> 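Dumping the structure here so I can ask a few things about it.
Hydrogens, waters and symmetry mates are skipped; everything else that's a heavy atom, side chains included, is used. Please read all numbers here as calculations on a predicted model, not as lab measurements.
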Amino acid sequence: MASPTERPTDEPRPAFGCTVLPFDGRAGSASMRMAGALDAWTAADHARQLDVLLDEGYVELRIELDELVLCTSDGLDLWDDVQHRLDPVGGHLTLAGATGVVRRVLDVMTASPVHFCPTVLPAA
């Protein structure tokens with residue numbers, strides 16, 4: 001039996017993809033498009049991508065979620081942590097265009113008394 005943090009080798013790994021795109025041509029701004037599942041197994045990859053952007057001085061980040069089909073608490077915690085890292089430099093994380101299950105999860109997070117820091121924009 002695999003440990004809780006290790007996916008068994010015979011089990012398919014969820015597809016996950018993230019592409020960094022220019023964002024409005026403004027210095028310090030970047031946009032990412034995500035697809036697949038953001039969970040315990042893929043959150044570390046996404047965290048590394050965000051770390052690179054933050055280390056390069058990007059302070060305005062926008063993540064397009066229209067192709068993301070699943071987001072667990074691992075992704076939510078990561079995004080909340082990123083916003084807390086951006087706060088001291090006046091930066092901001094925006095999550096945009098979520099649909100389906102991801103939209104419902106973000107609706108619960110933004111409506112709850114728990115403080116979820118990133119800005120959430122609805123799908124067009």
> What pairs with D74 under side chain to side chain contact (heavy atoms under 4.5 Å, CB included), at least two apart in sequence or on another chain?
A40, A43, T72

> Let me see the working for H46 and L38 under side-chain contact (heavy atoms from CB on, under 4.5 Å), right down to the final yes or no.
CA-CA 8 Å; H46 185 46; L38 182 56; 3.9 Å; yes

> State the SG-CG distance between C117 and L86, to the nearest 0.5 angstrom.
10.5 Å

> Dump the intermediate steps for side-chain contact (heavy atoms from CB on, under 4.5 Å) on L95 and E64, then the final yes or no.
CA-CA 6 Å; L95 306 173; E64 300 292 339; over 6 Å; no

> Does this structure show an ion pair linking E60 with R62, if we count only N-O contacts that are shorter than 4.0 Å?
no

> Taking salt bridge (charged side-chain N to carboxylate O under 4.0 Å, His left out) as the definition, give me every residue that meets it alongside D51, ordered by chain and number, with sequence neighbours left out.
R85

> Suppose we screen for salt bridge (charged side-chain N to carboxylate O under 4.0 Å, His left out). Which residues come up paired with D81, at least two apart in sequence or across chains?
none

> Would C71 and W79 satisfy side-chain contact (heavy atoms from CB on, under 4.5 Å), going step by step from the backbone distance to the final call?
CA-CA 11 Å; C71 180; W79 291 332; 3.7 Å; yes

> Give, for atom CG of D55 and atom CZ of R48, the distance between the pair rounded to the nearest 0.5 Å.
13.5 Å

> With sequence neighbours left out, which residue pairs that include part of residues 107-119 fulfil the salt bridge (Lys or Arg N to Asp or Glu O under 4.0 Å) condition?
R103-D107

> Check whether V105 and V69 end up in the same hydrophobic cluster, where Ile, Leu, Val, Met, Phe, Trp and Tyr are linked by side-chain heavy atoms less than 4.5 Å apart.
no

> Taking only residues two or more places apart in sequence or in another chain, which ones pass side chain to side chain contact (heavy atoms under 4.5 Å, CB included) with A47?
L78

> Do L70 and V108 sit in one hydrophobic cluster, given that two such residues count as connected whenever their side-chain heavy atoms are within less than 4.5 Å of each other, even indirectly?
no

> What residues, two or more places apart in sequence or in another chain, satisfy side chain to side chain donor-acceptor pair (under 3.5 Å) together with T119?
H92

> Do you know which two heavy atoms are closest between V102 and L68, and how far apart they sit?
CG2-O, 3.3 Å

> Looking at residues at least two apart in the chain, or sitting in another chain, which of them share a salt bridge (charged side-chain N to carboxylate O under 4.0 Å, His left out) with R104?
none

> Provide the closest heavy-atom pair for P118 versus D80 in the form atom of the first, atom of the second, distance.
CD-OD1, 3.8 Å

> Hey, mind stepping through L54 and Q49 against side-chain contact (heavy atoms from CB on, under 4.5 Å) and telling me if it holds?
CA-CA 9 Å; L54 294 172; Q49 293 165 335; over 6 Å; no

> If I take atom CG from residue L61 and atom OG1 from residue T94, how far apart are they, to the nearest 0.5 angstrom?
8.5 Å

> What distance do S73 atom OG and D39 atom CG have between them, rounded to the nearest 0.5 Å?
10.0 Å

> Please say yes or no: joined through hydrophobic side-chain contacts below 4.5 Å, possibly via intermediate residues, are L93 and L53 part of one cluster?
yes

> Using salt bridge (charged side-chain N to carboxylate O under 4.0 Å, His left out) as the criterion, list what pairs up with D77, not counting sequence neighbours.
none

> I'd like to check E67 versus M34 (side-chain heavy atoms, cut-off strictly below 4.5 Å). Are they in contact?
no

> Looking only at side-chain N and O atoms, does T42 offer a donor or acceptor that is under 3.5 Å from a partner on D45?
no

